[in-house]
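A short worksheet on the structure shown next.
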Amino acid sequence: MRTVLVVTHGSRLEADTLAVSVARELQDAGMAIRVLGPEAARLGAAGLTDMDPVDPGTSASAGCELAVVFGGDGTILRAAEMCRDHETPILGVNLGHIGFLAEADAEDAADVVRGVIDRTYTVEDRLTVDVEVLVGKHVVARNWALNEATVEKQSRERMVELVVEIDGRPVSRWGCDGIVCATPTGSTAYNFSAGGPIVWPEVAALLMVPISAHALFARPLVVSPDSTLAIEIVDQRGEGVLWCDGRRAADLPSGARVEVRRGAHSVRLARLREATFADRLVRKFDLPVEGWRGEAARRMAAVVDEDSGGGA
């Protein structure tokens with residue numbers, strides 16, 4: 001039996017209501033619905049029956065064809081923790097603000113149902129990063145991220161002194177609030193807010209962006225996806241904290257070293273329709289495009305000009 005994992009935002013009633021509506025239609029088409037144990041009571045109260053509750057761990061998506069997620073980017077990132085190891089595609093239905101990782105909005109629920117039932121969705125593999133924290137020669141923590149791994153100062157009162165290294169060679173030292181190491185997927189998230197570039201998802205690259213660096217040279221860096229980025233805390237009085245996707249944290253003592261490299265596993269995002277990243281960028285950020293004429297308009301202008309003899 002085809003099985004779909006349903007994940008919802010923990011505190012949005014509209015997410016539960018929409019999730020139950022979609023899940024029922026999938027059940028009517030002969031599909032099994034799996035839900036997270038902590039969410040089962042809420043979904044049951046909203047009217048969902050015949051569901052299979054599971055623990056919200058990395059095995060939650062095992063054997064599932066797809067995970068349909070109702071919420072914002074934070075909910076999708078939570079689902080990614082459960083789907084990455086089993087390469088389960090994630091189809092996000094946005095109920096948040098921007099929802100850059102989501103494929104559909106609430107009003108697209110009928111398209112979501114039809115796309116899942118008919119298997120007309122496509123799947124994109126998104127680059128991730130693996131992260132190691134070393135103290136001396138010992139690895140004290142390992143993690144990963146879909147959007148970004150960020151080294152930040154722990155104390156609000158002062159900057160943290162960091163040395164950055166790329167492929168075993170030192171690049172610069174910054175007194176700053178932190179450094180973002182982002183993927184192309186995360187280029188529209190924390191990286192964007194910190195002044196980093198927007199990178200198209202199909203571009204294989206890693207990004208390094210200092211946050212509020214007190215330095216003349218503090219530019220965003222875009223490097224090979226096969227590079228290793230390293231950040232060391234060199235301030236003897238300073239401590240930091242590592243955040244992965246803003247969800248998983250590790251304390252960094254003075255002298256700690258954080259190494260970031262391309263992840264061994266990708267995260268898979270399901271798409272219902274063919275749309276360029278430029279179109280998604282304009283729609284999600286509501287970018288002004290008034291005055292754009294496009295290739296068709298230019299061709300029409302050339303025809304009119306030719307018919308008129310090219311005169312003024």
No-hydrogen, no-angle side-chain donor-acceptor test under 3.5 Å, [X] and [Y]:
X	Y	result
Asp251	Gln154	yes
Thr150	Glu148	no
Asp167	Thr228	no
Thr8	Arg42	yes
Thr185	Arg126	yes

Side chains of [X] and [Y] in contact at under 4.5 Å (non-hydrogen atoms):
X	Y	value
Ser59	His86	yes
Val123	Arg271	no
Phe277	Pro201	yes
Val69	Leu91	no
Leu101	Leu77	yes
Leu272	Val112	yes
Val139	Val133	no
Ile231	Glu165	no

Can you tell me if [X] uses its side chain to pair, donor with acceptor, with the backbone of [Y] under 3.5 Å?
X	Y	value
Asp108	Asp105	yes
Asp55	Leu36	no
Ser227	Val223	no
Arg34	Gly63	no
Asp245	Leu146	yes
Ser187	Val199	yes

Verify side-chain contact (heavy atoms from CB on, under 4.5 Å) between Val93 and Val68, making sure each step is shown before the conclusion. CA-CA 7 Å; Val93 181; Val68 182; 4.3 Å; yes
Under 6.0 Å from the ring centre and within 45 degrees of the ring axis: does the NZ or CZ of Arg248 meet both conditions for the six-membered ring of Trp243?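 Geometry flag: not set, cation outside 6.0 Å or 45°.
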Under 4.0 Å between a side-chain nitrogen and a carboxylate oxygen: does that hold for [X] and [Y]?
X	Y	value
Arg2	Asp118	no
Glu103	Arg280	yes
Glu132	Arg257	no
Glu124	Arg268	no

Shortest non-hydrogen contact from [X] toward [Y]:
X	Y	answer
Leu43	Val20	O-CG2, 3.7 Å
Ala145	Thr183	O-CG2, 4.4 Å
Pro197	Asn191	O-ND2, 2.9 Å
Leu18	Ala109	CD1-CB, 3.8 Å
Gln27	Asp50	NE2-O, 3.3 Å
Val209	Gly196	CG2-CA, 3.9 Å

Candidate pair Val6 and Phe70, rule side-chain contact (heavy atoms from CB on, under 4.5 Å), full reasoning: CA-CA 8 Å; Val6 171; Phe70 299 85; 4.0 Å; yes
Report the distance from atom [atom1] of [X] to atom [atom2] of [Y], rounding to the nearest 0.5 Å.
X	Y	atom1	atom2	answer
Leu229	Glu259	CG	CD	10.0 Å
Glu274	Thr122	CD	OG1	5.5 Å
Met51	Glu39	CE	CD	10.5 Å
Glu65	Thr3	CD	OG1	8.5 Å
Arg84	Thr128	CZ	OG1	5.5 Å
Cys181	Met208	SG	CE	4.0 Å

Would [X] end up clustered with [Y] when hydrophobic side chains under 4.5 Å apart are linked, directly or stepwise?
X	Y	value
Val241	Tyr190	no
Phe217	Val180	no
Leu221	Val131	yes
Val234	Val260	no
Met159	Ile211	no

Can you tell me which residue among Asn147, Leu281, Asp73 is in a side-chain contact (heavy atoms from CB on, under 4.5 Å) with Thr188?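 Single pass found, and it is Leu281.
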Under the side-chain contact (heavy atoms from CB on, under 4.5 Å) criterion, do Ile90 and Val267 qualify, and how do the steps go? CA-CA 8 Å; Ile90 300 168; Val267 167; 4.1 Å; yes
So for atom CZ, which belongs to Arg219, do other residues, nucleotides or ligands contribute more than 12 heavy atoms lying within a distance under 6.0 Å?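 12 or below, so no.
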Can you confirm whether Glu107 is buried at CD, in the sense that more than 12 heavy atoms of other residues, nucleotides or ligands lie under 6.0 Å from that atom?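 Buried by this count: over 12 neighbours within 6.0 Å.
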For Glu232 and Leu162: C-alpha separation, side-chain torsions, deciding distance, then whether side-chain contact (heavy atoms from CB on, under 4.5 Å) applies. CA-CA 6 Å; Glu232 294 186 0; Leu162 304 173; over 6 Å; no
Using the salt bridge (Lys or Arg N to Asp or Glu O under 4.0 Å) rule, collect all pairs that involve residues 175-193, keeping only residues at least two apart or in two chains.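 Listed once each, the pairs are Lys153-Asp177.
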What about Phe100 and Phe192, are their ring centers closer than 6.0 Å?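 No, ring centres 6.0 Å or more apart.
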